Each structure stands twice: as C-alpha cells, then as structure tokens.
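Have a look at the structure below, then the notes.
No experiment lies behind these values; they were computed from the predicted model shown. The first residue in the sequence is number 1, and the count goes up from there.
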Amino acid sequence: MSEKVESITILGTGPAGLTAAIYSARASLNPLVIEGSQPGGQLTITSDVENYPGFANSVMGPELMQAFRKQAERFGCRFMQGDVQKVSLDQTPLTLLTADGTEIKTRTLIIATGASAKWIGIPSEKKLLGKGVSSCATCDGFFFKNMDIVVVGGGDTAMEEATFLTRFAKTVRVIHRRDTLRASKIMQEKAFKNPKISFIWDSAIEEVLGEKEVTGVRVRNLKSNQIQDLSCQGLFVAIGHEPNTALFRSALNCNPHGYLLTQSGSTRTNIPGVFAAGDVADHVYRQAVTAAGTGCMAAIDAERYLEGHA
Ligand code: NAP
C-alpha cells in the first residue's frame, strides 16, 4: 500500500492559516489544517476588532475566527488537532511528526504558526503567572473587578489592554520604559482621556511582589534609579510578541529576531514547497488583515508550486 501524501498541509489556524485553507480548499487541493494549542490564534484573545474591513460596527475576535473556520469547513477543509514536534524539510515529501507519534507526509507546507506574547523575563513573573500575572486582558480582566492593575508596555497592545481593563478595574497604571509611547496616536489619546488610567514613565518592573498571588510590583525609575513598590492585584504584560518558529530555525532562513524570511513579493521560503504566512514572517505590519492577505498568497503560491511539480 502506498503511503498517503497530502498536497497541502497548513500549520496554524489564525487569519493566515485559515485564509490559506479557504483558498486551497476552493482550489480543490483538499488541505489538511493542523491546529495547535491556541486554535484561532491571537484574535481569540482580543475583544472588539474595529479594523478588520467589512465590519462597519466592529466584530469580536473569537467570532471573527469562528467565521473564518466555518468558511474553511464549508469547502471541505480537514482539521486535525496536533502538537507538531519535529519537521524534516530536506526531502520531498516533507515530513511532520506530532507529539502523539502521527507522521504526516506532505508535498507542500504552509507555516502560519503566528507569534506569542513576550514576557519580561523575571522569576517572580513566572512564579505568579495565572495568580495575578497575565498577558491577556480579554481572558482575565473579569477577575480584577474593582482592583488596582498595572500594565507594562507602551505599544498598541498595552493601550488596548489598559483601556479594556478599565471596564473592571478601579485603577490602571501603565508602566513604560521610555517617556513616549510607541502606540498609534488614536490609541494613545483614548488611553490619555480615560480617567482610570495613569502613566509611570521611564520605568521598569524589577520584581512582582506576592507569594501566592500578586500584591504589588517593584518599579525602578531608569533615569533616577529610584525604586518604589506599588500595590496592585494584577499585572498585565503587553510588551510585544515573538514568532513561533522554534521548529523551523535550523532549516529555514530567519531574520535576527527569529521571523521567517520569505522571498520578495511571495510567501516562498528558502526551501521549495515550504511557504510562510502571517505574523510568523511579519514583524512589521502584524495585522489580521495582512495575515489573511499573506495566507491567500501562500495558498496561491503552493497551488502554483504543485502545478509546476506534478
Ligand atoms: P510593540 O508595538 O512592539 O510594542 C511593544 C512595547 O513594549 C513597546 O512600547 C516596547 O518599548 C515595550 N517593551 C518591549 N520589550 C520590553 C521589555 N522587555 N520590558 C519593558 N517594555 C518592553 O508591540 P504591540 O503593542 O504588541 O503591537 C504589535 C503590533 O500589533 C503593532 O504593529 C501594533 O500596531 C499592532 N496592534 C494593533 C492593534 C489595533 O490596531 N487594534 C492592537 C494591538 C496591536 P519601546 O517602545 O521602548 O520599544
């Protein structure tokens, strides 16, 4: 019996992976989509998405991803839950191995594994993760009703989290390592206008205080070196993301931050038949709509590759 070889395997079910799935299913390529531990990707841990075109009154992130998925299912996409632990990309067909020992052979692979939240990297943060330390206001904000919360970061994510958290919290203090924000003007203004939000500039968190749960943070002013302890019950870390590329770094070309490199104007990586789409290969735009766009490109690139290697 000859072994089964997939035409297209897609890793990831965020906007990039699911758009690639919709396009390749509609091209009758019967894609297999492998979903990891966070099905739907980063949008499943956001609330209102106001900038995805086509939704005049905004849409909730999880709802949007559910709609992507249903659309892919409508065209017969196959979904498989799996934690891919090993890839062999130096031979065709390409091979993927999941944690439960399932081996998948495929002629093309679309990598759409996205990016994950970055952490400050101090031991107390790790110790109190889930005990007051979080990276997802949408998931955990509800638990902090009438409490004092600290958000660290100065980008759009930090402003979005801080603003969202004011729905529940008594106060939200944003701690940023510089004295100007990286966030877009509109998000900054929203946060500045919110009476519950205040800012602590030029400062870094040295330690998260508390034994069993967060009771405060120790903050150093990076200009004066002064240290102060702030009382709070929640710390939301919103300092950006890291690409989920650990599996591929030895085989595929990456930039110095670990994002997959694609050839100009396409989603082709340095290995024929392997394509990358979405945040895993994008440290610049990182939007749901750009991820969906490159997912579409990857499906078309894979389809053309298959035509050329029949
Ligand atoms: P980001 O733009 O990279 O901002 C990260 C922030 O965290 C920066 O202010 C950075 O400080 C700070 N930071 C990084 N490492 C740190 C560390 N170790 N300790 C303390 N602070 C640290 O990341 P992001 O806010 O997640 O946004 C990523 C992308 O998604 C952006 O393109 C953004 O526009 C987009 N986004 C859009 C929306 C929306 O439109 N609704 C919402 C969220 C995100 P410095 O400023 O000093 O570098």
Side-chain angles (χ1 to χ4, degrees), residues 14-16 38 40-65 112 114-121 125 133-141 144 149-169 171-205 234-244 255 257-259 277-295:
Q38 197 187 331
Q42 293 175 65
L43 278 192
T44 57
I45 55 167
T46 54
S47 50
D48 300 285
V49 180
E50 292 183 329
N51 52 10
Y52 199 85
F55 295 89
N57 297 316
S58 89
V59 58
M60 298 302 279
E63 203 181 299
L64 180 60
M65 292 324 299
S116 300
K118 275 202 318 203
W119 296 99
I120 305 170
E125 170 193 52
V133 175
S134 169
S135 71
C136 175
T138 318
C139 320
D140 301 328
F144 295 88
I149 293 179
V150 162
V151 172
V152 59
D156 279 337
T157 302
M159 295 312 106
E160 191 173 66
E161 302 264 283
T163 305
F164 178 78
L165 286 165
T166 59
R167 293 187 196 185
F168 314 99
T171 65
V172 176
R173 278 170 291 193
V174 176
I175 297 180
H176 181 39
R177 63 185 178 182
R178 295 185 297 126
D179 63 0
T180 49
L181 296 172
R182 179 177 297 280
S184 55
K185 280 280 171 292
I186 188 166
M187 305 278 266
Q188 293 194 22
E189 276 161 19
K190 222 172 173 178
F192 287 145
K193 268 197 217 145
N194 193 313
K196 283 190 181 177
I197 300 178
S198 59
F199 288 82
I200 298 175
W201 303 107
D202 299 309
S203 298
I205 294 180
L235 168 65
F236 285 79
V237 181
I239 59 172
H241 294 85
E242 269 187 286
N244 297 320
N255 80 3
H257 302 290
Y259 287 84
D279 286 13
V280 75
D282 171 20
H283 68 288
V284 179
Y285 302 105
R286 295 183 288 194
Q287 301 298 302
V289 66
T290 49
T294 53

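- Scanning for ring pair (Phe, Tyr, Trp, His ring centres under 6.0 Å) contacts around Trp119 gives an empty result, with sequence neighbours left out.
- In this structure, CD on Glu63 lies 8.0 Å from CZ on Phe55, to the nearest 0.5 angstrom.
- Rounding to the nearest 0.5 Å places CD of Gln38 at 8.0 Å from SG of Cys136.
- Between the side chain of Glu161 and the backbone N or O of Thr157, no donor-acceptor pair lies under 3.5 Å.
- Of all heavy-atom pairs spanning Gly14 and Met65, the tightest one is C-CE, 3.5 Å.
- Listed here is the closest heavy atom pair of Ser134 and Asp140: OG-OD2, 2.6 Å.
- Within the 4.5 Å cutoff, no side-chain heavy atoms of Val152 are placed close to those of Arg177.
- Counting heavy atoms of neighbouring residues, nucleotides and ligands inside a 6.0 Å radius, atom NZ of Lys196 exceeds 12 of them.
- Note on ring orientation: taking the six-membered ring where Trp is involved, the planes of His176 and Trp201 are perpendicular (angle over 60°, cut-offs 30° and 60°).
- A donor-acceptor contact shorter than 3.5 Å is absent between the side chain of Asp279 and the backbone of Asp282.
- Residue Pro243 comes nearest to Val280 through the heavy atom pair CB-O, 4.1 Å, listed as atom of the first residue, atom of the second, then distance.
- Counting non-hydrogen atoms of neighbouring residues, nucleotides and ligands closer than 6.0 angstrom, the CZ atom of Phe192 exceeds 12 such neighbours.
- Counting heavy atoms from C-beta outward, Ile200 and Val150 have side chains that stay 4.5 Å or more apart.
- Remark: side-chain polar atoms of Thr44 are not paired, donor with acceptor, to backbone N or O of Pro62 under 3.5 angstrom.
- Annotation: side chain of Gln287 is in contact with side chain of Asn51 (closest heavy-atom distance under 4.5 Å).
- Shortest non-hydrogen contact noted between Val174 and Ala162 is CG2-CB, 3.8 Å.
- The closest side-chain heavy-atom distance from Glu242 to Ser116 is not below 4.5 Å.
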I'd like a table of donor-acceptor pairs (distance under 3.5 Å, sequence neighbours excluded) in which one partner is a side-chain atom from residues 179-188, with atom names and distances.
residue: Thr180; atom: OG1; partner: Arg178; partner atom: NH1; Å: 3.3
residue: Ser184; atom: OG; partner: Asp156; partner atom: OD1; Å: 2.9
residue: Gln188; atom: NE2; partner: Ala183; partner atom: O; Å: 2.8

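- Across all non-hydrogen atoms, the minimal contact from Ile197 to Thr166 is CG1-CG2, 3.5 Å.
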query = When you look at Leu43 and Tyr52, which way does the side chain to side chain contact (heavy atoms under 4.5 Å, CB included) test go after all the steps?
reply = CA-CA 11 Å; Leu43 278 192; Tyr52 199 85; 5.5 Å; no

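- Taking both residues in full, the closest heavy atoms of Ala291 and Pro15 are given as CB-CB, 4.2 Å, listed atom of the first, atom of the second, then distance.
- Between the CD atom in Glu160 and the CG atom in Leu165 there is a gap of 10.5 Å [rounded to 0.5 Å].
- Classified by interplanar angle (parallel below 30°, tilted 30° to 60°, perpendicular above 60°), the ring pair Phe236/Phe144 is perpendicular.
- More than 12 heavy atoms of other residues, nucleotides or ligands sit less than 6.0 Å from atom NE2 of His241.
- Looking only at side-chain heavy atoms (C-beta outward), Val289 and Pro53 come within less than 4.5 Å of each other.
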